[in-house]
Amino acid sequence: MLKTVLVLLLVWTWTSLSMVRLPLRRVRSVRAMLRAEGVLHEFLKDHHPDTFSRRYAQCYPPGTPSLRLGRYSEKIYNYMDAQYYGEITLGTPGQNFSVIFDTGSSDLWVPSTYCVSQSCALHRRFRAFESTSFHHDGRMFGINYGSGHLLGIMARDTLKVGGLTVVNQEFGESVYEPGAAFVMAKFDGVLGMGYPSLAEILGNPVFDNMMAQKIVDEPVFSFYLNRRTSSSNPEGELLLGGTDEALYSGPVNWIPVTSKGYWQIKMDSVAVQGMSSFCPQGCQAIVDTGTSLIAGPTNDILSLQQLIGASPTNIGEFIIDCVRLSSLPQVTFVLGGKEYTLTAEQYVRKEMLGDRELCFSGFQAVDIVTTAGPLWILGDVFLTEFYSIFDRGQDRVGFAHAKHST
């Protein structure tokens, strides 16, 4: 079970170049366009739910000086309204690819020049024969998606993320990519940031190699996501090797990881307008930058949709009357004894269809059953409001209120 996801890159200009930062810039969403063409529903149902709304990212020229803190930056811009993408390079000389930086998976893969799928013809493909640092492995790997089995060949090469260089990075060259969603996707591949136990490709995930090769100051990375239009804030940022206190306020609430695969934590409860409605005895949740919405077990989410006044549509999503937003209940997630409350303005996704504004629920039914019980997914609808910190050194996730300009 895998998904895909997001974000990225900027370098802290200490002498070690060990912290990488990425401010994101936003462009108009095309999700409404996909919906109008009748494609969105197929995209959602054919993939693991954490692949909901893709965002394409293309970097500005590298080496662009940051306007803040004197740091090296690479700016990217988005394809969809819920996820963030960035550029990496593989090989020597470097070949550019746009990838999802995904805390819900652990593999790095990009299309191979030998890929036979239609989707590969529409994306950048890795040309192993042009890289002087390429090491052939030859073993096959496979990743299960809702629309079929992605197949590829394992390899190793030099990876660059912003100003950081990882040598002998294991990755996959896909030779077959199933499903129409890959054809439509604007990203080339995926860079997973979960624990090694999730990986299908043998070898260390990217961040594990960064730690092993001692190119990050701390075994920590953090995400700042912002879906508000602001001239003073970046739309999003992944910081590799630390945190940026300028992007959040208040203390960090740390929650221990309960299972080292996904970034899985215990969630105390979910309340609607102060009433504890779901998992009152506690349940498990994963913190997933690669999921656009907040997902949970079908029965719970259907009840939640009713409580917020959302109605089902024939495209598989739930719609809300935009006029009623101010009267809708708040939804509160209790994590580590602390309440994280979302207002309707925060959990509703607004889209324009022609000259008409549509409001879609930010909650989605997904059934992921584990030995610890069904999982909830705290995706981008949640993470846009709270700065998230992923600490591999102490196996914990931290949350703080993200600073957003009004």
Side-chain angles (χ1 to χ4, degrees), residues 4-11 17 20-27 54-66 72-80 83-102 105 107-115 117 119-136 150 152-175 177 182-193 201 205-207 209-210 215 234-238 240 290:
T4 24
V5 177
L6 32 173
V7 188
L8 346 145
L9 321 152
L10 209 201
V11 178
L17 290 180
V20 176
R21 161 199 301 277
L22 300 180
L24 283 72
R25 189 167 63 84
R26 179 179 181 177
V27 298
R54 306 298 182 193
R55 289 189 175 192
Y56 179 55
Q58 178 176 343
C59 287
Y60 280 71
T64 304
S66 172
Y72 181 98
S73 66
E74 292 188 14
K75 296 182 180 180
I76 65 179
Y77 54 102
N78 309 328
Y79 176 68
M80 289 296 249
Q83 294 185 354
Y84 303 82
Y85 296 56
E87 291 273 326
I88 63 171
T89 65
L90 277 169
T92 307
Q95 300 174 39
N96 294 330
F97 298 94
S98 59
V99 296
I100 301 169
F101 287 72
D102 183 9
S105 67
D107 295 302
L108 167 62
W109 65 263
V110 296
S112 168
T113 191
Y114 301 110
C115 180
S117 299
S119 60
C120 294
L122 302 176
H123 294 90
R124 290 173 285 190
R125 293 177 284 179
F126 183 70
R127 302 177 300 280
F129 51 85
E130 294 184 6
S131 173
T132 59
S133 52
F134 176 77
H135 297 278
H136 179 66
L150 183 143
I153 303 292
M154 299 182 201
R156 286 183 292 119
D157 211 329
T158 298
L159 166 70
K160 291 185 178 180
V161 182
L164 300 182
T165 299
V166 183
V167 297
N168 288 321
Q169 175 61 52
E170 295 88 352
F171 72 102
E173 297 180 71
S174 69
V175 296
E177 297 179 9
F182 283 110
V183 175
M184 296 181 295
K186 304 301 182 180
F187 60 90
D188 301 312
V190 176
L191 193 157
M193 304 188 76
I201 297 171
V206 171
F207 196 71
N209 272 336
M210 288 182 175
I215 60 174
E235 277 214 29
E237 173 181 290
L238 166 63
L240 296 169

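Predicted, not measured: the structure shown is a model, and the values here were computed from it.
F134 and F126 have tilted rings, their planes meeting at an angle from 30° to 60° on a 0 to 90° scale. A tilted orientation is assigned to the rings of F187 and H123, their planes being inclined by 30° to 60°.
The shortest distance between side-chain heavy atoms of I88 and V206 does not fall below 4.5 Å. At least one side-chain heavy atom of L238 sits under 4.5 Å from a side-chain heavy atom of M193. Contact of the V110 side chain with the R124 side chain is not registered, since no non-hydrogen atoms from C-beta on lie closer than 4.5 Å. A 4.5 Å side-chain heavy-atom check between S105 and V190 finds at least one atom pair inside the cut-off.
Taking all atoms of both residues into account, the shortest heavy-atom contact from S119 to V183 is CB-N, 3.6 Å. The two residues C115 and S174 make their nearest non-hydrogen contact at CB-O, 3.4 Å.
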Evaluate the side-chain contact (heavy atoms from CB on, under 4.5 Å) criterion for residues T158 and T165: first the C-alpha distance (whole Å), next the side-chain angles of each, then the deciding distance (0.1 Å), finally the verdict.
CA-CA 7 Å; T158 298; T165 299; 3.6 Å; yes
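Within a 6.0 Å sphere centred on OH of Y114, heavy atoms belonging to other residues, nucleotides or ligands number 12 at most.
Considering D157, V167, L90, N168 in turn, D157 is the only one that fulfils the side chain to side chain contact (heavy atoms under 4.5 Å, CB included) rule with S133.
A donor-acceptor pair shorter than 3.5 Å cannot be found between the side chains of E87 and N96.
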